[in-house]
**Q** 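One structure coming up, written as structure tokens, with questions to follow.
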Amino acid sequence: MTAGMDDSPWRSSERNGAGDAAFTLGVLAMVFVFVPIVGDLVAVPSALAAVVLGAVGIVRAEQGLATNPGKALSGALLGVLSAFITFVTVAAMGTFG
């Protein structure tokens with residue numbers, strides 16, 4: 001008798017990956033906001049990905065599929081904040097990069 005994938009004790013029914021990734025990318029974006037020259041090239045894509053994955057994580061938490069809505073929300077907010085700081089800095093300097 002073979003056990004199916006759903007019977008495996010190693011598989012979790014929680015889908016926390018999007019929230020965890022959003023938080024990690026949000027922190028990464030916030031760090032790179034303050035790095036000159038290459039920071040904008042890393043911060044903007046990381047921030048956008050953090051916002052999207054944060055939204056996915058929040059929806060999953062509302063559906064009961066994930067257990068980390070705080071991490072997802074924090075990642076999305078860090079992404080929005082870092083994107084805002086980047087765009088304000090670019091506008092103030094008048095250059096990108």
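Along the sequence shown, residues carry numbers from 1. Source: prediction; values computed, not measured.
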**Q** If I compare all heavy atoms of Ala76 with all of Gly54, which pair ends up nearest, and what's the gap?
**A**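 Scanning both residues, the minimum pair turns out to be CB-CA, 4.0 Å.
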**Q** Are Leu25 and Leu53 packed together at the side-chain level, in the sense that at least one heavy-atom pair is separated by less than 4.5 angstrom?
**A**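 They are in side-chain contact.
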**Q** Are Val38 and Leu28 connected in a single hydrophobic cluster, I mean Ile/Leu/Val/Met/Phe/Trp/Tyr linked by side-chain heavy atoms less than 4.5 Å apart?
**A**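 As far as the 4.5 Å side-chain criterion goes, Val38 and Leu28 are connected within one cluster.
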**Q** How close do Ala29 and Ala47 get, heavy atom to heavy atom, and via which atoms?
**A**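 That closest heavy-atom pairing would be CB-N, 3.8 Å.
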**Q** How many angstroms lie between CG in Asp40 and CD1 in Ile85, if you round to the nearest 0.5 Å?
**A**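 So the CG of Asp40 and the CD1 of Ile85 are separated by 11.5 Å.
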**Q** In terms of hydrophobic clusters joined by side-chain contacts under 4.5 Å, are Val59 and Leu65 together?
**A**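 No: no chain of side-chain contacts under 4.5 Å links Val59 to Leu65.
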**Q** Would Leu81 and Val51 show up in the same hydrophobic cluster when neighbours are defined by side-chain heavy atoms closer than 4.5 Å?
**A**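 No: no chain of side-chain contacts under 4.5 Å links Leu81 to Val51.
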**Q** List the atom of Ser74, the atom of Phe23, and the distance in Å for their closest heavy-atom pair.
**A**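 Shortest heavy-atom separation between Ser74 and Phe23 comes out as CB-CD1, 3.9 Å.
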**Q** Which heavy atom in Ala66 sits nearest to a heavy atom in Arg15, and how many Å separate them?
**A**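 Ala66 and Arg15 have their closest heavy atoms at CB-O, 3.4 Å.
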**Q** Quick one: does Asn68's side chain get under 4.5 Å of Glu14's, heavy atoms only?
**A**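 When only atoms from C-beta onward are counted, Glu14 and Asn68 do not touch, as no gap falls below 4.5 Å.
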**Q** Do Val33 and Leu78 land in one hydrophobic cluster if side-chain heavy atoms of ILVMFWY residues count as linked below 4.5 Å?
**A**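 Yes, Val33 and Leu78 fall within the same hydrophobic cluster.
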**Q** Could you state the interatomic distance from OG1 (Thr89) to CZ (Phe84), rounded to the nearest 0.5 Å?
**A**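 Between Thr89 OG1 and Phe84 CZ, I get 9.5 Å after rounding to 0.5 Å.
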**Q** Calculate, to the nearest 0.5 Å, the distance between atoms CE and OG1 belonging to Met30 and Thr86 respectively.
**A**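 It is 8.5 Å, given to the nearest 0.5 Å.
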**Q** Determine the minimum heavy-atom distance between Gly26 and Ala50, stating which atoms define it.
**A**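 For Gly26 and Ala50, the tightest heavy-atom pair comes out as N-CB, 3.6 Å.
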